Amino acid sequence: MSTTCKALLRACPLQRQQPSLLPLTQCRHESSTRRHRKLLALPEAPSYTRRSTAPTLVFNPPSSAPNVYHTPSKFLPKEDKRLRLYAAAQQHAHKVAHSRQTSPIAAPGTPLHTGSHLPPRPSASLPAPVREPYEKKYHLTESDVQEIRRLRKQDPNTWTRVKLAEKFGCSQFFVGMVAKNVKKAERVEKEHRASRKKWGNRKRLAKEDRERRKALWGRDA
Amino acid sequence: MKRIPISRCASQLLAPSPLPRRPLCPYAAAKHARRSIVPHSHRVQARFQSTVAVPDEGDLELEMAAHSGPASTSHSRSEPLPLESLPSPHPSAAERSTRLHALRSRLSLPTRFPLQALARTLVHPSADANPAFNNASLSILGRQLLGYYMTEWLLCTYPRLPMDVIFAAIEAYIGPKALATVASEWGIEAAEEPGGEIDSGLLQFKRIRTGDDLPAALRRQAPWKWNVTTTHKIMTTDEFGSEDAPPSPHALEKTPVPSEEAAQAFVRALIGALHVHLGSPLVKRFFRDHFLSRHLDISTLFDFRTPTRDLSHLCAREGFESPVARLISETGRLSRHPVFIVGVYSGRDKLGEGAGSSLDEARVRAAAAALKAWYLYKPAEVTVPSSMEGALDTSTWRPNYVDCGEVIV
């Protein structure tokens, strides 16, 4: 793949903008028809490749978001017979994939590897997580919680929720839960309200639209 | 309370035999008897006091006289009253109405369904206050039937739906707006003013005059309690989970109503009349053809506020590994319009996938998609309980999947 792209780039170099004063020298490009045809001769995707000479159907739907009416196999109840069917289909796909020579663009790990109507193969590696997954540690003792409360009460401006969470290795939500500071929260809220009042019309509208769009996330997924 | 079969329970809907105005339905003729009515379910009683005693023939004499044709003039001494004095068209005019014939064949109803019954479903109580001639009682029956068939279908097809979504879906399928749309799609037209001289094929109701307010019975009432619980919605109000029970159709006599109210009463009354005259198998088929065939994307009815938290609670409850958001692909991270595609994984299984212009958006959307995938689970084979009604061979019955309920955070 990468070699092909490089060669194509080489085939059409940038035109020189400025007429240079240097004498013209002949430079040869890979622009002949034969070379281009050779470069663009990519192997076909497996879903387009006919397996036998008999007439077959080519099923290659465009990529789209999965249908929510298609229940993932993990969500199927134990007694549902679709579980057995899916397992059989997956086994068959496995066997076929091992027995057949696949084209390099449909190598394992590429989107063309699995058909969109099949569950992903368990051997395929999972994509990277968006956030680092974490385990809940439950490591804070009663004395730690007392300490958090004391610090927060003593100087809420220095010991904010973020600082306390970093110090004790817990979440900000937990700090807010055990050491609530109502006065500080009210003050901060008042400041925010004051700064919101200074917003102009455009900014306010933009923020409101953003809120409205956010409410749609859970509605039209 | 003594239980009575549902077919007999509806026999109140046919006027007793000595009445000249009401032609007999062959189906119900065998079951024809004057008996006191016992509501067959607590909910009916809780929702509407559905039993209205039909008053004895006081003004029926008048209607008899009004429509005594040339054959019966020798029997009646008085002059025939003008048709305009009747509140709604005479049942005998139904056979002559081309609109009714057209409507019956448009809905593919068998010819044994009497046109008189079809004409009666088109008379709203606001037009004719007499419960023997308006569709109030039929619409109560039809409302219960519609609610029953709809709810059982939804609960069996999507056993994991949260209660709020079920209410919203029921309202979308058989709510007032949907029923009014169905009526207009059937080509129902309304009369400007109800009266005896009007064609029986027109929807008869008393309109609200321009500029007038909505009548007090139809106005939004304050709920009986401000913190209305889901249990209250399930147990005591209507099938849409409204805060208050809707007004009984019998309470709308002589009150002007909006056309939507009259149209939905007609559709419900038609279901009730079909049940009375043709029996429940045909009603079930009619319901499948005209209501279940309407497409509703239930996945658009969800509104999650904290999908990520709900999903991790769900995984903890079901014993799955806690969900982890993973970046499947991305483009233009440093540009003005980046796109991130994030999948939510539990262990090695992908639960949902979402795309967004920020990592947070994609993560939240993926969690919402995973929750929808959980809630929109559909069992492979579904047999609704009503399909086994009166069936001799119950070997095709499969017990339905029952879920332990929605995620409560």
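Here the structure is a predicted model, which is why all the values come from computation and not from measurement. All chains are named by letter (A, B, ...) in the order of the sequence lines, taking the proteins before the strands, and each is independently numbered beginning at 1.
Within the 4.5 angstrom heavy-atom criterion, only side-chain atoms of Tyr401(B), from C-beta onward, approach chain A. If you measure heavy-atom distances from Tyr158(B) to chain A, the contacts under 4.5 Å come from the side chain alone. Using a 4.5 Å cut-off between heavy atoms, Leu351(B) touches chain A through backbone and side chain atoms alike. Contact of Asp403(B) with chain A is not made at all, since no heavy-atom distance falls under 4.5 Å. Proximity to chain A involves both the backbone and the side chain of Asp297(B), based on heavy atoms less than 4.5 angstrom apart. Ser346(B) touches chain A through backbone and side chain together, each having a heavy atom under 4.5 Å away. Residue contact with chain A, scored on non-hydrogen atoms closer than 4.5 Å, is absent for Ala355(B). Using a 4.5 Å cut-off between heavy atoms, Leu314(B) touches chain A through its side chain atoms alone. Only the side chain of Arg160(B) comes within less than 4.5 Å of a heavy atom in chain A; its backbone stays farther off.
In this structure, the side chains of Lys74(A) and Arg348(B) stay at 4.5 Å or more apart for every pair of heavy atoms. In this structure the side chain of Arg131(A) reaches within 4.5 angstrom of the side chain of Arg363(B), judged on heavy atoms. Counting only heavy atoms from C-beta outward, the side chains of Arg365(B) and Asp220(A) approach each other to under 4.5 Å. You'll find the side chain of Leu327(B) stays beyond 4.5 Å of the side chain of Pro129(A), heavy atoms only.
Closest non-hydrogen pair, Ala370(B) versus Phe75(A), comes out as O-CE1, 3.3 Å. Closest approach of Lys81(A) to Ala380(B), counting heavy atoms only: CE-CB, 4.2 Å. Residues Tyr69(A) and Leu296(B) come closest through the heavy atom pair OH-O, 4.5 Å. Residues Ser73(A) and Asp349(B) approach most closely at OG-OD1, 4.3 Å, considering heavy atoms. Nearest heavy-atom pair, Arg219(A) versus Phe302(B), reported as atom, atom and distance to 0.1 Å: CG-O, 3.4 Å. When all heavy atoms of Gly347(B) and Leu126(A) are compared, the pair lying nearest together is O-CD1, 3.7 Å.
For Lys177(B), the NZ atom sits in a loose shell: 12 or fewer heavy atoms of surrounding residues, nucleotides or ligands are nearer than 6.0 Å. Heavy-atom contacts from other residues, nucleotides or ligands closer than 6.0 Å to CD of Gln91(A) number 12 or fewer.
Between chain B and the options Pro66(A), Ala65(A), Ala215(A), Pro133(A), heavy-atom pairs under 4.5 Å are most frequent for Pro66(A). With chain A as the partner, the residue from Leu301(B), Asp303(B), Leu376(B) showing the most heavy-atom pairs under 4.5 Å is Asp303(B). Interface summary for chain B: among Arg82(A), Arg213(A), Glu79(A), the most heavy-atom pairs under 4.5 angstrom belong to Arg82(A).
Residues Tyr377(B) and Asp80(A) bring a donor and an acceptor atom of their side chains to less than 3.5 Å of each other.
Look at Asp360(B) and Lys214(A) and you find no salt bridge, because none of the NZ, NE, NH1 or NH2 atoms lies under 4.0 Å from a carboxylate O.
Put simply, OG on Ser322(B) and CD on Glu135(A) are 6.5 Å apart, with the number rounded to the nearest 0.5 Å.
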